[in-house]
Structures are given as C-alpha cells and as structure tokens.
Amino acid sequence: MQTNRFVLAGTGSGVGKTTFTIGLMKALQEKGKIVQGFKCGPDYIDPTYHTAVTERVSRNIDSWMFSHEAVRDIVARASEDADVSIIEGVMGFYDGKSPLSDAGSAADISVVTESPVILIVNCASMARSVAAVVKGFQLLSDQPNIVGVITNQVGSVGHYEIAKAAIEQECGIPVIGYLKREQGIDIPSRHLGLVPAIERGELDTFFDKLGSLMAETIDLELLLELTKAPVLQESGQLFAEQPSQNICIAVAKDAAFNFYYEENLALLRAKGAELQFFSPLANEPVPAEADGLYIGGGFPEEFADILAENSDVKKSIREAVAKGLPTLAECGGFMYLTEAITNSNGDRYDMVGVIPGEVAMQTKLAALGYREIFGTQHNFLIGTDEEAKGHEFHYSKYSGSHNTPAYETKGRLGNKQEGYQAGNLVAGYTHFHFVSNPKLVDNWLTACKKVKNHD
C-alpha cells in the first residue's frame, strides 16, 4: 500500500520552509486532499500554522529525542486517514543534534519514515551555481531520497528556467516549480521565532493567497507523482489506551501558554488521565476537580500586564501548589510562577509568586539546544535513576537564591542543575518530551493518586 508523504526541507537560511509548507497544504486542500502536517524537531510554533490550515493537529517528530519506532508510530497514527502528509524540516536538511551526524535532522527523519524529499533551494543571486548546491546535498549522504526541487527567491521566470536547466542536467532530478520574490507573504516573527497562529486571528485570506501562489507556479500533479511512500503501520504499544485513572490534569492553554507537544497530551490521555484546559489570560481559575497541574511554555512576557492583573487565577494556582497538586511548569510556565517578570522595556509585573525570585527579559539569547534530563531526589516526575530528553530555548534569565534545583540537564556546554523544586512543584526552563520516557507520565499520575487518596 502507498500514500503520499514527503519531507519538505531547506538548504538553510532564507528558505522560508513554513511559508512553503502552509502554502502547499492549502493548495493541496484545494485539490480535495486531506493533508496532515508534521514538524521535525522541537519547534512549537510552526505546527500551529499547519494546524490552522489543515484543521488537523500537527505533530512534532524527532529522531534524537525518541526512538525511530516512536517516530514511525506518531506518523502512522496521525496520518492514518490523510491523503498527503507533509513533514516540514528543521533548519537545513542535514542539521540536527550534532555537526557530525544526521541524528535529529530532517534527513534522518526522511530515512526513518521512508519519505521522499522535496528540497527547497534559495536561488537569490545564483544561476548554474544552484546546481552545485543541490549536488552537494545529494552527495553528502546516499540514504535520503531527494526526488525533486522547488526553487525559491527567483527574480523572474527566466531566472527560474536557468536554474531549472542547470539542476536537471547536473543533478538528474526534476525541478517542480518556483516562488518569486513576493511581498506580503512573510509570517511575522519575534524573539522565539514566528508569531504563533493562535495570536494572529483570522488567517484564511493569508492562507488563500499562499495556496494560490503555490498552485500557479508549482506542478502539484508532479509533486504527488514523485512523493509516493509506503503506508506506515503503528506498533500499537506507545499509545495503547489504558483504563481511566480517575485523575484530572488541569492544563493552562491560551495565547500566553500554548507550547505543548501533542504527544505529551496524548500520552496523558492514553494512560487514563482526563485533561481540562483553562486560560490564565481569561482569569479562569484552576478547575476545582484538578488532581494535577500542567503549565507549559509560551509568551507570558508578551501578556505580562494582563497576567499581572488576573488575580483570581493567580490565587487558584497558589492554592493548588500549596495543596500539593503535582505541578509541572515549563519555561513560560516557570516564568509565570515566579514573583515577577520584567520585560525588555524594563517594566516589572507581579506574577504568581510560588517560586522565589524573578525573571527578566533580555535582547540576546539565553539558552538554546537539546537537553538530556536527569532526575533529582523528591522530584515526582523524574527520579534520580531516570532520564528523559527535551530542549531549552529562551531569552529570559531567572534570578533566585538558595533554591532546590528540579533536575540536572546535559547539553552542548556540559551539565548544569536547573529549575526549581519544592514539594510537588517541578519547574524550569527545559521542555520535556514524554515520548523520550513515557514512564514520566506514570510517575505523574501516581503522584496525583497519592495526593488524592490522602485527601
């Protein structure tokens, strides 16, 4: 059995993979196709655009953070009833965990998922030289199956024809279309990347424009012909549904807090938890039936004035933490639980205040990269003999003293103790991916049961 599935990858800077991804999604939808989106790597924001276009939740897949079997399971599960699956790459095609291997790269994902590759090439100020770029990507590894090229940033139809002729002669693969230097199709960005779709309001006009542009200059029929791929089969183990645990996890979710891996939520549900969402931005208190609390990342600094004024939800979070509800706060959630956030303009806003210390935004990057995570004593989520994987990406710095760290992380620059742990509160800048160690979900639900039974 075959389906349509492909990795849409770039050669590096200036490619605009997300613009191409959502444009192709829209163009294929206009042809009557059901499209499923995926994103290579730990990016939270790009999938929000996939989801907004397709009205199907996009998924993160990562060949470093979790096993190859898990990658295939996630793709198989999410794309089961889709006609076309588009896997958006991360950075350049071969960029991943290390400069010495393909692990975590779009190239690795293409091999793991047996997906053909469409390579987007920035042709600005190049003619025949663009063939050398494509040839280099072909020769670096013989494992990925690069089946076609889309040229980007071409100055004219004539420029496109020159690039197309050079690539097809020298590289032996078809060039299926192009996008000219267009104005008004760039997605707005800020310090952590693109502005999430959840904040952008009505996007249909933008999506329609992108879809029309792609349909005009990209051969969609040839794209579908080139991207036939085998149907992947789910192992049935990772997301096997278990009986209800009668445990409710309250999840903060709105424009300020929306950085959640869909598979983290799926694993909580699969292992018998009920999820209830609430909005700190709307001043909604933690649901009364909550047995645990999850406050993910996002942009609390962009909404700090509103969050500071919303006293009802802050009070309910303080009460939940004091009551001992097992609480995980990641990055933006961690920032929100401190005493205050100072934005880049120097304005200070009072936050929840259950974590001693404050955070301040800065103009330069504070941390970025994959993390191996090792548990500490009394951490309900990850024990001293357990490991997980995740990532860290933020522009703020936390200042606090004499706090008990939540866990130890290992990154490119070595090991460090990180975060804040007190009672059943685990908070820090690192984002956990539960698929890297599903036992974390078991640990969380067990902790919730202990508190609930004690009550």
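Quick caveat, the model's predicted, so the values are computed rather than measured.
Not less than 6.0 angstrom separates the ring centroid of Tyr260 from the ring centroid of Tyr44. Remark: aromatic rings of Phe299 and Tyr395 are distant, center separation not under 6.0 Å. With ring centers used as reference points, His50 lies 6.0 Å or more from Phe38.
Note on residues 268-280: pairs passing salt bridge (charged side-chain N to carboxylate O under 4.0 Å, His left out), not counting sequence neighbours, are Lys271-Asp442. Here salt bridge (charged side-chain N to carboxylate O under 4.0 Å, His left out) pairs that include residues 52-61, with residues two or more places apart or in two chains, are Arg56-Asp81, Arg59-Glu263. Among residue pairs with one or both ends in residues 316-342, those qualifying as ring pair (Phe, Tyr, Trp, His ring centres under 6.0 Å) are Phe257-Tyr336, Phe334-Tyr398, Phe334-Tyr429; sequence neighbours excluded.
Tyr370 pairs by the ring-ring contact (aromatic ring centres under 6.0 Å, His included) definition with Trp64, not counting sequence neighbours.
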Do Glu88 and Thr18 pass the side chain to side chain donor-acceptor pair (under 3.5 Å) test, and can you show the C-alpha distance, the side-chain angles, and the key distance before you say yes or no?
CA-CA 7 Å; Glu88 181 185 337; Thr18 302; 2.6 Å; yes
Side chain to side chain donor-acceptor pair (under 3.5 Å) evaluation trace for Tyr294 with Asn264
CA-CA 11 Å; Tyr294 192 3; Asn264 280 15; 3.3 Å; yes
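Shown are Leu307, Val313, Ile306; of these, the side chain to side chain contact (heavy atoms under 4.5 Å, CB included) with Asn283 is made only by Val313. Each of Glu408, Glu372, Lys410 was compared with Asn415 under the side-chain hydrogen bond (donor to acceptor under 3.5 Å, both in side chains) criterion, and only Glu408 meets it.
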In residues 238-249, what donor-acceptor pairs under 3.5 Å come from side-chain atoms, sequence neighbours left out?
residue : atom : partner : partner atom : Å
Ser244  : OG   : Asn246  : N            : 3.1
Gln245  : OE1  : Lys449  : NZ           : 2.3
Gln245  : NE2  : Pro243  : O            : 3.3

All N/O donor-acceptor pairs, side-chain side in residues 71-80, below 3.5 Å, sequence neighbours left out:
residue : atom : partner : partner atom : Å
Arg72   : NH1  : Val112  : O            : 2.8
Arg72   : NH1  : Glu114  : OE2          : 3.0
Arg72   : NH2  : Glu114  : OE2          : 3.2
Asp73   : OD1  : Ser235  : N            : 2.8
Asp73   : OD1  : Ser235  : OG           : 3.3
Asp73   : OD2  : Ser235  : OG           : 2.6
Ser79   : OG   : Val75   : O            : 2.5

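Counting heavy atoms from C-beta outward, Phe93 and Thr11 have side chains that stay 4.5 Å or more apart.
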